[in-house]
A.B. asks: 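Have a look at the structure that comes next, please.
In listed order, ligands and their atoms are each counted from 1.
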Amino acid sequence: MDALNIVTLPGVTSPEKYVLCNRESSMGIVDDDVQYEMAKRSYPLMQKLLSWGISFPVDENGNYDLVRTHKKARYLVGMDEPELKTILAGKMKAAGVKVLNRTMGAEVLTDSKGRVCGVMAMNVRTGELLHVRTNAVILTSGGAARFGLPNNGNLYGVYDYPLNTGDGYCMAYRAGAELSGFEYTMSFTIVKDVNIPLLYITLTRGAELYDGHGGTVDTDGITIAKLQKVHMEGRSPLTIDMRHLSEKEVAYIEHILFTCERPACKRFFEGRGVNFRDTTIELWPTETYLCGGHGLAGVRVNPKAETKVPGLYSAGDNSLVARGHLTGAFAFGEVAAENAAQYCRSIDESRVPSDKIDSFIAHIDKRLAQKNNKIPIEECEFKIRRMINDYIAPPKNQDKLDRACKWMDQFYGELDTMAKVADVHDLFKILEVENIITCAKLAATASNVRKESRWIPWHYRTDYPNTDDANWQKHILLTMGKSPLDIQVSFKDPIRLDLVDPGDN
Ligand SMILES: Cc1cc2nc3c(=O)[nH]c(=O)nc-3n(C[C@H](O)[C@H](O)[C@H](O)COP(=O)(O)OP(=O)(O)OC[C@H]3O[C@@H](n4cnc5c(N)ncnc54)[C@H](O)[C@@H]3O)c2cc1C
């Protein structure tokens with residue numbers, strides 16, 4: 001992390017302004033109320049982080065490192081904190097939070113009235129099953145990063161965090177919550193082969209961007225969509241050039257990339273003999289993925305982080321607080337914690353799970369009995385994700401999306417008959433793959449329903465190439481029917497607040 005992407009600094013911008021900017025960036029398919037709640041909390045959140053010792057550098061005049069990522073407002077504040085996670089872990093420990101490491105949340109339990117009453121989880125090293133009794137659950141397990149297959153062919157070599165396989169989306173969906181935005185199948189343009197970021201880190205600090213013909217790409221108001229257009233037009237590879245920068249400027253960029261962002265960046269560039277002082281850096285589109293924090297795919301929540309299921313909350317990249325990034329995760333983590341705690345205090349009866357515990361254990365036993373199947377689970381995953389690239393990644397059309405749905409139905413069945421589960425590792429991997437398949441069918445279904453193109457290139461349909469505001473200014477909601485692949489579709493208008501634009505800054 002090299003920035004807190006959304007902070008409405010007083011005197012610079014306002015929560016109202018941010019909500020209006022994000023409405024525009026999301027092309028209207030966004031709920032203002034959750035955005036407003038996040039934006040209002042963003043500055044107090046930054047103050048809290050400062051009080052925890054997290055560093056936000058200032059210049060000689062005491063001004064924060066503010067970067068413009070929207071043409072109408074500046075709300076991205078540079079952060080220089082390689083120890084962010086350690087600091088957060090320390091805070092949790094001090095608060096007395098009990099941490100179950102190496103534990104995969106697998107199923108949210110509900111009672112006969114559909115209210116949350118627990119979680120089933122599994123230790124990924126020993127296979128020990130856990131039944132956690134609770135009246136409230138906050139899902140924070142990110143989006144679906146292992147979704148499309150990256151060009152490098154490495155199952156885990158993805159842009160976003162590779163242990164995120166849409167588990168939270170699927171747990172919420174199976175418990176009865178609503179999902180939305182699954183037609184927003186994202187990808188980034190980022191360092192080729194390693195899929196690590198550096199675009200805003202370098203371009204905002206004086207680097208130049210060139211296309212494959214040697215022409216300069218205008219970086220004023222640059223968006224990933226514009227970069228992907230260059231690629232689609234056959235003018236790639238794009239390259240970042242820092243050769244004209246001073247030693248001090250390059251050294252600072254290296255500091256951010258090799259500490260806050262990811263120490264592995266340093267090894268990667270060294271291994272390839274890339275020194276920013278004399279070599280350019282090649283960019284390429286990443287794999288397709290689903291995310292609420294960078295994109296619009298998530299569990300629907302209200303400004304209290306509540307889902308449709310009593311006692312079930314969602315925050316961060318798992319939730320639909322669209323494009324909230326790290327700020328969304330922090331702010332809605334806080335919102336969810338406050339409300340879940342209050343909700344728990346208001347309940348005095350103990351709730352009894354319906355038959356889900358037995359069915360979960362039966363499912364695990366069924367998977368463990370698959371020792372003699374022939375196909376390693378990694379090969380199943382590779383094939384499924386290759387089909388996601390073929391049929392769900394843009395450009396999309398009805399034929400491709402129909403094929404995607406058909407393949408996902410077939411793969412789900414073949415997980416029983418073909419996938420080998422040799423040990424505990426295979427066991428949790430097959431649970432992840434079940435979720436990848438479910439997310440793929442959800443994305444294909446939503447993409448098929450939205451008969452227009454929007455957020456091009458991410459939802460670009462060759463059979464409906466135009467944006468159709470008259471008919472499609474609405475959310476596509478997905479809920480579970482009789483089984484995970486039986487997807488029910490409904491629609492909802494975006495929630496609008498009556499906000500006044502205070503003008504550009
Ligand atoms: C490379 C990169 C750089 C970024 N840089 C910035 C930046 O500079 N500024 C900014 O504002 N935003 C940035 N973002 C976005 C930001 O990182 C995310 O929005 C934020 O981390 C979301 O936090 P989260 O806790 O919701 O999800 P994550 O950080 O993805 O955490 C999800 C966690 O859930 C765990 N998990 C997954 N499945 C399960 C399961 N079944 N059971 C138990 N645990 C599970 C995972 O192991 C993971 O630890 C960046 C994102 C990426 C990918």
A.B. asks: Given Leu76, Leu163, Asn164, Leu326, which has its nearest heavy atom closest to atom 35 (C) of ligand 1?
C.D. replies: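 It is Asn164 whose heavy atom sits nearest to atom 35 (C) of ligand 1.
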A.B. asks: Can you tell me which residue and heavy atom of the protein come closest to atom 2 (C) of ligand 1, and the distance to 0.1 Å?
C.D. replies: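 Here the nearest protein heavy atom works out to Tyr159 OH, 3.7 Å.
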A.B. asks: Applying a strict 4.0 Å limit to heavy atoms, is His294 in contact with ligand 1?
C.D. replies: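 His294 counts as a contact of ligand 1 under the 4.0 Å cut-off.
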A.B. asks: Heavy-atom contacts with Gly316 under 4.0 Å: which atoms of ligand 1 show up? List them by number with element.
C.D. replies: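 The list of qualifying atoms is 26 (O).
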A.B. asks: Does only the side chain of Thr140 get under 4.0 Å from ligand 1, or the backbone, or both, or neither? Count heavy atoms.
C.D. replies: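 It is the backbone that gets close, since no side chain atom is under 4.0 Å.
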A.B. asks: Any ion pair linking Asp426 and Lys420 (charged N to carboxylate O, less than 4.0 Å)?
C.D. replies: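 Here Lys420 does not pair with Asp426 in a salt bridge, since their nearest N and O are not under 4.0 Å apart.
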A.B. asks: Below 4.0 angstrom from a heavy atom of Met104, which ligand 1 atoms are there? Numbered from 1 as shown, please.
C.D. replies: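 The atoms of ligand 1 under 4.0 Å from a heavy atom of Met104 are 41 (N), 42 (N).
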A.B. asks: I'd like to know whether Ser187 forms a side chain to side chain donor-acceptor pair (under 3.5 Å) with Thr288, so could you lay out the CA-CA distance, the side-chain angles of the two residues, the decisive distance to 0.1 Å, and finally the verdict.
C.D. replies: CA-CA 5 Å; Ser187 60; Thr288 303; 5.4 Å; no
A.B. asks: Students should be able to answer this: which protein heavy-atom is nearest to atom 23 (O) of ligand 1, and at what distance?
C.D. replies: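 Minimum-distance protein heavy atom for atom 23 (O) of ligand 1 reads Ala329 CB, 3.5 Å.
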A.B. asks: Could you check whether Arg300 pairs with Asp31 (Lys NZ or Arg NE/NH1/NH2 to Asp/Glu carboxylate O, under 4.0 Å)?
C.D. replies: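 Yes, Arg300 and Asp31 are salt-bridged.
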A.B. asks: Does ligand 1 have a heavy atom under 4.0 Å from the side chain of Arg262, from its backbone, from both, or from neither?
C.D. replies: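 Looking at Arg262 and ligand 1, just side chain atoms fall under 4.0 Å.
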A.B. asks: Can Glu338 and Arg41 be counted as an ion pair, charged N to O under 4.0 angstrom?
C.D. replies: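 The answer is yes: the pair qualifies as a salt bridge.
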A.B. asks: With the threshold set at 4.0 Å, does a side-chain nitrogen-carboxylate oxygen contact exist between Glu381 and Lys429?
C.D. replies: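 Salt bridge between Glu381 and Lys429, a charged N being under 4.0 Å from a carboxylate O: no.
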A.B. asks: Is the shortest distance from atom 14 (N) of ligand 1 to a protein heavy atom below 4.0 Å?
C.D. replies: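 It does; a protein heavy atom is within 4.0 Å.
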A.B. asks: Salt bridge check, Glu434 against Arg367: does any charged N sit closer than 4.0 Å to a carboxylate O?
C.D. replies: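 Salt bridge flag = yes for Glu434 with Arg367.
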A.B. asks: Could you list the atoms of ligand 1 found under 4.0 angstrom from a heavy atom of Asp160?
C.D. replies: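 Here the atoms of ligand 1 in question are 53 (C).
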A.B. asks: In the protein, what heavy atom is nearest to atom 48 (C) of ligand 1, and what distance, to one decimal place, separates them?
C.D. replies: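 Of the protein heavy atoms, Tyr161 CE2, 3.6 Å lies nearest.
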A.B. asks: On a heavy-atom basis, I'd like to know which of Leu84, Ile6, Asp317, Val77 is closest to atom 24 (P) of ligand 1.
C.D. replies: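 When every heavy atom of Leu84, Ile6, Asp317, Val77 is considered, Asp317 comes closest to atom 24 (P) of ligand 1.
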A.B. asks: Nearest non-hydrogen atom to atom 27 (O) of ligand 1 belongs to which of Ala106, Cys170, Gly142?
C.D. replies: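 Checking each option, the heavy atom nearest atom 27 (O) of ligand 1 is found in Gly142.
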A.B. asks: Under a 4.0 Å N-O cut-off, is there an ion pair linking Arg146 with Glu287?
C.D. replies: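 Salt bridge between Arg146 and Glu287, a charged N being under 4.0 Å from a carboxylate O: no.
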A.B. asks: Students should be able to answer this: which protein heavy-atom is nearest to atom 3 (C) of ligand 1, and at what distance?
C.D. replies: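 Going atom by atom, the protein heavy atom closest to atom 3 (C) of ligand 1 ends up being Glu261 OE2, 3.5 Å.
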A.B. asks: Could I get the full list of side-chain contact (heavy atoms from CB on, under 4.5 Å) partners for Cys21, not counting sequence neighbours?
C.D. replies: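 By the side-chain contact (heavy atoms from CB on, under 4.5 Å) rule, Cys21 matches Lys17, His70, Lys72, Ala73, Tyr75.
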A.B. asks: What atoms of ligand 1 come within less than 4.0 Å of a heavy atom belonging to Asp167?
C.D. replies: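 Once the distances to Asp167 are compared, the set is 38 (N), 39 (C), 40 (C), 41 (N).
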A.B. asks: Without swapping roles, check the side chain of Thr327 against the backbone of Ser42 for a donor-acceptor pair under 3.5 Å.
C.D. replies: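 Checked: no pair found.
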A.B. asks: Which of the numbered atoms in ligand 1 are below 4.0 angstrom from a heavy atom of Thr103?
C.D. replies: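 Answer, ordered by atom number: 42 (N), 43 (C).
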A.B. asks: For atom 45 (C) of ligand 1, which candidate among Gly168, Ser141, Ala3 holds the nearest heavy atom?
C.D. replies: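 Checking each option, the heavy atom nearest atom 45 (C) of ligand 1 is found in Ser141.
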A.B. asks: Does a salt bridge link Arg205 with Glu249, judged by any charged N lying under 4.0 Å from a carboxylate O?
C.D. replies: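 Not counted as a salt bridge, because no side-chain N and carboxylate O are separated by less than 4.0 Å.
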A.B. asks: Which one of Val108, Val137, Asp111 satisfies the side-chain contact (heavy atoms from CB on, under 4.5 Å) criterion with Cys117?
C.D. replies: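 The single option meeting the side-chain contact (heavy atoms from CB on, under 4.5 Å) with Cys117 is Asp111.
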A.B. asks: Give me the nearest non-hydrogen protein atom to atom 21 (O) of ligand 1 as residue plus atom name, then the distance to 0.1 Å.
C.D. replies: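 Protein heavy atom at minimum distance: Met1 CE, 4.2 Å.
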A.B. asks: May I ask you to identify the nearest protein heavy atom to atom 42 (N) of ligand 1, giving residue, atom name and distance to one decimal place in Å?
C.D. replies: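 Of every protein heavy atom, Gly105 N, 2.9 Å lies nearest to atom 42 (N) of ligand 1.
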A.B. asks: Suppose we screen for side-chain contact (heavy atoms from CB on, under 4.5 Å). Which residues come up paired with Pro457, at least two apart in sequence or across chains?
C.D. replies: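 Applying side-chain contact (heavy atoms from CB on, under 4.5 Å) to Pro457 gives Ala225, Gln228.
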A.B. asks: I'd like to know if the side chain of Arg385 reaches the main chain of Phe147, judged simply by a donor and an acceptor atom lying under 3.5 Å from each other, with no hydrogens or angles considered.
C.D. replies: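 Yes, because the side chain of Arg385 sits within donor-acceptor range (under 3.5 Å) of the backbone of Phe147.
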A.B. asks: Measuring from non-hydrogen atoms of Thr165 to any atom of ligand 1, is the shortest distance under 4.0 Å?
C.D. replies: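 Contact check Thr165 vs ligand 1: negative.
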A.B. asks: Below 4.0 angstrom from a heavy atom of His325, which ligand 1 atoms are there? Numbered from 1 as shown, please.
C.D. replies: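 The atoms of ligand 1 under 4.0 Å from a heavy atom of His325 are 10 (C), 11 (O), 12 (N), 19 (O).
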A.B. asks: Any nitrogen or oxygen of Thr327, side chain or backbone, less than 3.5 Å from one on ligand 1?
C.D. replies: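 No, no N or O pair falls under 3.5 Å.
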